[in-house]
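Written out below as structure tokens is the structure these notes cover.
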Amino acid sequence: MAYNRAWFWDSKVQNQGSKSSLYWLLRCLALPMLAVLWCVPAAAQCTAYVTAHKSNNVVVVDTFLDRVVAVIPVQIQPLAVAITPNGAFAYVTNSGWIFGSNSVSVIDTASNTVVATIPVGSFPVGIAITPNGAFAYVANLNSNSVSVINTATNTVTATIGVGSGPYSVAITPDGAFAYATNLNSNDVSVISTATNTMVATVPVGSGPVAVAITPNGAFAYVTNQSSNNVSVIDTTTNTVVATVPVGSGPVAVAITPNGALVYVANSASNSVSVIGTATNAVTTTVTVTWAPDGVATTPDGAFAYVVNEFANTLSVIDSTTNTVVDTVQGVAMYPVGIAIMHSSNMPTLKCR
């Protein structure tokens with residue numbers, strides 16, 4: 001900066017009163033303008049919200065810099081997080097474990113502060129938000145129920161009985177159905193969001209934990225923790241059409257925005273299985289660090305972020321090469337859940 005400044009004043013003295021002085025002035029003014037333009041992508045990167053269940057907070061990670069930029073206190077033992085489609089709010093389940101928080105914290109993403117706390121069922125774990133942003137569906141493990149939160153009022157407007165031990169929930173892209181995994185009854189409950197009633201039950205593998213639905217709504221992928229595989233459900237018929245062996249203890253799943261790849265976090269084998277949806281076969285296995293317990297893909301589909309619970313880190317996987325390209329350190333204590341959004345309403349910009 002000092003060099004540019006001296007350069008400007010030297011040229012001004014030598015060319016005072018001439019056209020050259022104007023030239024140098026414009027040139028020097030252009031330098032900071034170019035610097036600002038160069039920095040625009042950094043201001044429009046994506047943001048990851050990560051639940052840290054042992055430190056009772058949510059960690060905010062700037063994916064452009066791959067570093068922690070904020071820590072938000074919530075209630076006891078947060079497990080999962082979901083972000084509204086407009087990016088305005090993050091909804092966090094507080095399981096409470098033996099202390100019984102049994103609540104959902106609502107975070108304003110503009111200020112990164114909690115603006116509401118909503119009582120739900122016992123031991124809330126998974127959460128998903130409808131595509132129109134109007135409702136959040138919460139899986140209550142110990143209540144065998146799903147709570148429906150109206151996001152306009154942040155109140156529970158319905159409670160739906162499902163199978164035994166509901167753990168995770170995902171909603172179809174058209175918003176018509178919610179799929180809830182039942183850990184203890186080894187099945188998936190299908191809920192009509194129009195009536196908030198259970199309309200089907202789909203038997204899957206042993207210990208179903210996580211569920212994700214393809215962007216076209218055609219299939220739901222369910223991780224079966226105890227049988228070390230993934231069940232693929234045809235959402236038209238609500239039947240299992242494929243079973244894909246993966247690593248040991250699969251507990252989390254995410255699908256790329258183009259629907260081509262499924263990322264499965266295997267907590268007991270410290271790896272991520274990459275499934276190609278065209279063949280429903282594992283195409284790559286990526287080694288990460290200790291106890292991967294959560295996974296999310298960036299909105300541009302270029303990367304998958306994996307939460308390593310016991311290492312307190314995030315592994316960043318390039319979805320083109322399926323290799324780990326970065327590791328985010330210092331992500332609080334025992335991070336488990338993750339959701340990623342664009343930091344601004346500019347979805348065409350890259351996240352990293």
Side-chain angles (χ1 to χ4, degrees), residues 49 51 78-85 89-95 102-106 118 120-151 156-202 204 207-215 217 219-225 230-231 233 235 238 250-255 265 293-296 336-339:
Y49 284 77
T51 57
L79 288 179
V81 56
I83 300 171
T84 54
F89 299 98
Y91 282 69
V92 179
T93 58
N94 304 300
S95 65
N102 301 331
S103 66
V104 171
S105 295
V106 184
I118 309 162
V120 289
S122 177
F123 206 99
V125 185
I127 185 168
I129 299 173
T130 53
N132 63 3
F135 297 97
Y137 282 70
V138 181
N140 305 305
L141 181 74
N142 290 342
S143 295
N144 299 330
S145 67
V146 171
S147 298
V148 183
I149 297 172
N150 183 321
T151 58
V156 173
T157 57
T159 302
I160 308 157
V162 290
S164 178
Y167 200 93
S168 182
V169 62
I171 299 171
T172 53
D174 61 4
F177 298 98
Y179 283 69
T181 60
N182 300 306
L183 179 68
N184 300 326
S185 54
N186 301 325
D187 55 27
V188 174
S189 296
V190 184
I191 299 166
S192 167
T193 58
T195 60
N196 281 326
T197 57
M198 192 170 64
V199 295
T201 301
V202 186
V204 288
V209 174
V211 56
I213 298 173
T214 53
F219 299 99
Y221 284 73
V222 178
T223 62
N224 303 303
Q225 181 179 20
V230 171
S231 297
I233 299 172
T235 58
N238 281 323
V251 294
V253 60
I255 302 175
D293 206 7
V295 62
V336 287
I338 183 171

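Atom OG1 of residue Thr84 and atom CG of residue Asn132 lie 11.0 Å apart, to the nearest 0.5 angstrom. Rounding to the nearest 0.5 Å places CG of Leu79 at 11.5 Å from CD1 of Ile127. Expressed to the nearest 0.5 Å, how far OG1 of Thr130 lies from CG of Asp174 amounts to 11.0 Å. Annotation: the span from Asn196 atom CG to Ile191 atom CD1 amounts to 7.5 Å, rounded to 0.5 Å. To the nearest 0.5 Å, atoms CZ (Phe177) and OG1 (Thr235) are separated by 8.5 Å.
Considering all non-hydrogen atoms of both residues, Val253 and Thr223 come closest at CB-CG2, 3.7 Å. Among all heavy-atom pairs drawn from Pro78 and Val92, the shortest one is CB-CG1, 3.7 Å. Listed here is the closest heavy atom pair of Ala82 and Ala339: CA-CB, 4.4 Å. Of all non-hydrogen atoms in Ser168 and Ala139, the two that sit nearest each other are N-CB, 4.0 Å. Across every non-hydrogen atom of Ser147 and Asn140, the tightest pair is OG-ND2, 2.8 Å. For the residue pair Ile160 and Met198, the shortest heavy atom distance occurs at CG2-N, 4.3 Å.
The closest side-chain heavy-atom distance from Tyr137 to Thr193 is below 4.5 Å. Within the 4.5 Å cutoff, side-chain heavy atoms of Val188 are placed close to those of Ile233. Under the 4.5 Å side-chain criterion, counting only non-hydrogen atoms from C-beta, Ser164 is in contact with Asn144. The side-chain heavy atoms of Val156 and Ile118, taken from C-beta on, include a pair separated by under 4.5 Å. Two residues are said to be in side-chain contact when any heavy atoms from C-beta on lie closer than 4.5 Å; Thr151 and Phe89 fail this criterion.
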Q) Please walk me through it: do Val209 and Leu183 pass side chain to side chain contact (heavy atoms under 4.5 Å, CB included)? A) CA-CA 6 Å; Val209 174; Leu183 179 68; 3.8 Å; yes
Q) Going through the distances and angles, do Ser122 and Asn102 end up as a side chain to side chain contact (heavy atoms under 4.5 Å, CB included)? A) CA-CA 5 Å; Ser122 177; Asn102 301 331; 4.2 Å; yes
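Formation of a donor-acceptor pair under 3.5 Å by the Asn186 side chain with backbone atoms of Gly207 is found in this model.
Shown are Asn94, Thr51, Thr93; of these, the side chain to side chain donor-acceptor pair (under 3.5 Å) with Ser105 is made only by Asn94.
The 12-atom threshold is not exceeded at OH of Tyr167, counting heavy atoms of other residues, nucleotides or ligands nearer than 6.0 Å.
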